[in-house]
Protein chains: 2
Amino acid sequence: MHVTGHTTSGGSAGLSQSPQRAASIRDVAQAAGVSYQTVSRVINGHPNVKQETRERVEAAVQALGFRRNATAFALASGVTRSVTVLTTNTVLYGYAATLQGLEEAARSAGYALGVRVMTPEDDLDRTIAAAADTGGGLVVIGYDRLGAAALDRVPAHVPCAALVEAPPPGRTPHRPAVWADDRQAARTATEHLLALGHENVHYVAIPASTGSRRSAAPRAEGWRQALKAADVTPPAPCGTGWDAQAGYEAGKKLAKSPDVTAILCGNDDLALGVLRALHHAGRRVPEDVSVIGFDDAPHSGFITPSLTTVRMDFHGLGRAAFGLLRAQLDTDQPAPALVPAEPTLVCRESSGPRAT
Amino acid sequence: MHVTGHTTSGGSAGLSQSPQRAASIRDVAQAAGVSYQTVSRVINGHPNVKQETRERVEAAVQALGFRRNATAFALASGVTRSVTVLTTNTVLYGYAATLQGLEEAARSAGYALGVRVMTPEDDLDRTIAAAADTGGGLVVIGYDRLGAAALDRVPAHVPCAALVEAPPPGRTPHRPAVWADDRQAARTATEHLLALGHENVHYVAIPASTGSRRSAAPRAEGWRQALKAADVTPPAPCGTGWDAQAGYEAGKKLAKSPDVTAILCGNDDLALGVLRALHHAGRRVPEDVSVIGFDDAPHSGFITPSLTTVRMDFHGLGRAAFGLLRAQLDTDQPAPALVPAEPTLVCRESSGPRAT
DNA sequence: CTGAAAGCGCTTACAG
DNA sequence: CTGAAAGCGCTTACAG
């Protein structure tokens with residue numbers, strides 16, 4: 001095995017690599033024959049600089065490959081264009097898509113994005129403090145219990161925006177937050193199943209983001225409301241979890257009862273597991289049982305039967321949450337007021353009329 | 001709607017919120033009646049401090065809720081415990097799982113993790129420089145062409161580790177890098193299909209990470225090698241892409257030919273699309289056609305038919321990559337030498353003996 | 001064991 | 001329009 005010679009940098013060809021440490025503002029000043037304050041003015045686009053001076057400085061910047069030290073800038077100016085996302089997960093579709101939206105928004109605004117996953121073992125206060133110390137602001141993904149708890153503990157003086165499951169019932173969130181109308185979406189999905197002739201709709205739940213009994217999870221609540229409005233007694237939600245395995249367990253139980261002809265799931269992964277369990281039990285979808293998911297994960301349109309589900313604009317929610325944070329960090333920035341798309345029911349193969 | 005009063009901070013109850021700005025090292029010094037250098041010693045665990053002094057300082061730290069300013073520390077010490085991940089994607093399973101491993105490793109080592117998504121429109125050199133300016137090191141996910149290109153442009157003086165598709169053939173990578181033996185894994189999967197009696201195996205490719213003809217993508221190459229070893233002429237790989245839609249397109253074409261009885265796919269999303277296309281074409285899996293994927297995404301075991309695939313330890317690869325970077329950043333740290341698990345073939349329902 | 005000095009690389013007033 | 005000063009909050013030698 002041998003190593004062929006190769007150039008390492010894609011920078012200006014022919015120029016020798018700058019020595020050890022990067023060029024500083026003073027190096028540029030010396031090269032341009034000005035004071036380093038003038039260099040500061042130029043690189044910050046300050047207006048009061050003579051055109052010729054500006055050009056000399058810019059030439060020196062080019063020649064030395066100068067890049068302003070971000071750390072020093074942050075310390076001196078107190079401005080940190082950065083966001084840290086506090087989340088409990090980065091892989092589940094809803095979280096990953098939200099994160100993607102956040103990253104995109106941060107990037108196009110010129111902000112650096114940090115990610116910190118929280119676990120139940122964490123000392124939340126310490127975690128939050130450490131993230132806040134980084135300088136910029138915080139975005140908390142509060143879709144689950146731990147995330148919601150973290151949001152509650154963010155000190156008042158820390159710039160922070162949140163993504164939540166729904167507006168805390170009975171009170172406004174004490175932080176700028178975005179959410180989708182999951183309640184309405186679940187209602188729509190449930191009504192759809194009822195309209196197809198199903199006499200009842202069962203629900204496989206995702207874990208609630210709050211421990212309090214008073215504030216039901218919005219998806220579960222929407223489902224319940226739709227049933228009640230149709231004078232149907234809501235059955236007990238079946239199981240809870242985030243992944244296909246949890247859905248499979250719940251599905252196994254539901255498959256045993258011939259009365260079950262329609263199942264709404266808290267997310268698409270659960271639905272996938274339910275589908276699998278129904279298949280194993282020999283119950284056909286949608287002929288015997290209709291299944292609807294939530295979120296519209298990328299694969300949901302390609303499984304067989306393709307999954308009827310509620311499309312959520314996590315991407316847009318992520319972007320909006322960043323906008324909320326930015327408005328706090330950079331007050332003279334026009335807040336773009338991004339409005340995420342409303343959840344929409346996407347009808348595919350897994351739902352159909354009740355067998356007669 | 002009304003807002004009920006609530007305490008915002010989870011900090012020490014009863015203590016009034018600290019004024020505007022956070023306590024500095026000097027505030028602590030004053031409170032403890034020592035110089036601020038002594039405070040520095042205490043918070044850095046320097047040994048030469050009298051026990052009693054140390055306790056006084058620690059008490060003051062507690063009382064004032066002092067937290068060392070990370071920016072100032074970074075500037076003064078030149079040490080930044082942070083990593084920035086350069087990637088083209090955060091949502092596709094392979095990327096997301098790698099990122100998860102990286103985040104976990106970084107977190108448990110006390111490093112902050114940044115994420116920067118690269119797009120084809122980016123000025124790569126500028127992007128890399130900006131990421132490097134942050135202070136810490138870089139981890140480049142080089143699974144695809146853009147990622148691999150970025151890796152090539154990282155300046156020599158920037159601490160950097162990479163995840164690559166495979167060791168650049170014919171030369172060692174000029175950066176510490178980790179990879180899995182995709183070539184061997186593809187060979188194994190292909191041999192498995194041949195052993196099941198299939199006379200040929202078709203391949204639906206993921207995009208190559210390199211443009212050069214000489215260095216074939218490892219998964220494609222392993223597939224090709226296995227066929228050649230069995231004296232089978234490899235058919236032209238069919239289509240290319242990352243997602244189920246791309247797989248669907250490729251699958252539509254393959255479904256038309258009755259000769260096609262076995263298909264290896266570059267990842268599970270492609271396989272899902274292929275499965276869907278076969279279903280639409282009325283070809284049964286595995287009775288008529290066997291399908292094998294790559295990666296073992298979370299849903300692959302729950303679709304019907306469940307997917308035979310190659311399990312990849314992206315998580316372990318991510319952890320290992322972080323270890324490689326850390327060894328550069330923190331030289332007196334014992335490198336833990338994490339070894340990711342080898343890829344393994346997971347046999348499920350989508351593959352079976354050739355129909356006779 | 002502890003304090004006084006200089007400096008990390010930049011910015012923000014203050015002078016001219 | 002440009003330069004000299006002070007400071008962001010911390011660390012690293014240097015003295016004692």
Quiz prompt | Distance-minimising heavy-atom pair for A:Leu138 and A:Ile128 | solution = CD2-CG2, 4.0 Å
Quiz prompt | Among C:dG9, C:dT11, D:dT11, the one nearest A:Ser24 by side-chain distance | solution = C:dG9
Quiz item: Starting at CZ of B:Phe73 and ending at C1' of D:dG9, how long is that distance when rounded to a whole Å?
Solution: 12 Å
Quiz item: Please give, in whole Å, the distance from D:dG7 P to B:Ile25 CD1?
Solution: 17 Å
Exercise. Output yes when at least one side-chain N/O atom of B:Ser40 is less than 4.0 Å from OP1 or OP2 of D:dT11, else no.
Key: yes
Quiz prompt | CA sep, side-chain torsions, deciding dist, call: B:Gln100, A:Thr90, side-chain hydrogen bond (donor to acceptor under 3.5 Å, both in side chains) | solution = CA-CA 7 Å; B:Gln100 183 181 219; A:Thr90 61; 5.0 Å; no
Exercise. Using whole Å, report how far CZ of B:Arg26 lies from C1' of D:dC8.
Key: 9 Å
Practice problem: Establish, with yes or no, whether the OP1 or OP2 oxygen of C:dT11 is under 4.0 angstrom from a side-chain nitrogen or oxygen of A:Arg68. | Solution: yes
Which donor-acceptor pairs under 3.5 Å do side chains of residues 36-43 of chain A form with protein atoms, sequence neighbours excluded?
{"residue": "A:Gln37", "atom": "OE1", "partner": "A:Ser35", "partner atom": "OG", "Å": "3.2"}
{"residue": "A:Thr38", "atom": "OG1", "partner": "A:Ser35", "partner atom": "OG", "Å": "3.4"}
{"residue": "A:Ser40", "atom": "OG", "partner": "A:Asn44", "partner atom": "ND2", "Å": "3.3"}

Self-check item: Protein-nucleotide distance (A:Asp27, atom CG; C:dG9, atom P), rounded to Å
Solution: 9 Å
Exercise. May I have the step-by-step check of side-chain hydrogen bond (donor to acceptor under 3.5 Å, both in side chains) for B:Thr88 and B:Tyr143, ending in yes or no?
Key: CA-CA 9 Å; B:Thr88 60; B:Tyr143 294 158; over 6 Å; no
Quiz item: If you measure from SG on B:Cys160 to CG on B:Leu86, what distance do you get to the nearest 0.5 Å?
Solution: 8.0 Å
Quiz prompt | Nucleotide C:dG9, atom P - distance to CG of A:Leu64 in whole Å | solution = 14 Å
Could you go through nucleotides 1-4 of chain D and list every protein N or O atom that sits under 3.5 Å from one of its N or O atoms, giving the distance for each pair?
{"residue": "D:dC1", "atom": "OP2", "partner": "A:Asn48", "partner atom": "OD1", "Å": "3.4"}
{"residue": "D:dT2", "atom": "OP1", "partner": "A:Thr53", "partner atom": "OG1", "Å": "2.3"}
{"residue": "D:dT2", "atom": "OP2", "partner": "A:Lys50", "partner atom": "N", "Å": "2.7"}
{"residue": "D:dG3", "atom": "OP2", "partner": "A:Ser35", "partner atom": "N", "Å": "3.1"}
{"residue": "D:dG3", "atom": "OP2", "partner": "A:Ser35", "partner atom": "OG", "Å": "3.0"}
{"residue": "D:dG3", "atom": "OP2", "partner": "A:Thr38", "partner atom": "OG1", "Å": "2.6"}
{"residue": "D:dG3", "atom": "N7", "partner": "A:Arg41", "partner atom": "NH2", "Å": "3.3"}
{"residue": "D:dG3", "atom": "O6", "partner": "A:Arg41", "partner atom": "NH2", "Å": "2.5"}
{"residue": "D:dA4", "atom": "N7", "partner": "A:Gln37", "partner atom": "NE2", "Å": "2.4"}
{"residue": "D:dA4", "atom": "N6", "partner": "A:Gln37", "partner atom": "NE2", "Å": "3.3"}

Self-check item: For A:Arg116, the option from A:Thr87, A:Thr127, A:Val85 that meets side-chain contact (heavy atoms from CB on, under 4.5 Å)
Solution: A:Thr127
Quiz prompt | Heavy-atom neighbours of B:Glu104 CD exceed 12 at 6.0 Å | solution = yes
Self-check item: Dot-bracket summary - DNA chain C, pairs being Watson-Crick or G-U whose distances fall under 3.5 Å, with | when paired to another strand
Solution: |||.||||||||.|||
Quiz item: Quick check: are there more than 12 heavy atoms from other residues, nucleotides or ligands sitting under 6.0 Å from CD of B:Glu58?
Solution: yes
Quiz item: Which whole-number value in Å describes the distance from A:Leu75 CG to D:dA6 P?
Solution: 18 Å
Quiz item: At their closest point, which heavy atom of B:Met118 faces which heavy atom of B:Ala150, and how far apart are they?
Solution: SD-CB, 3.5 Å
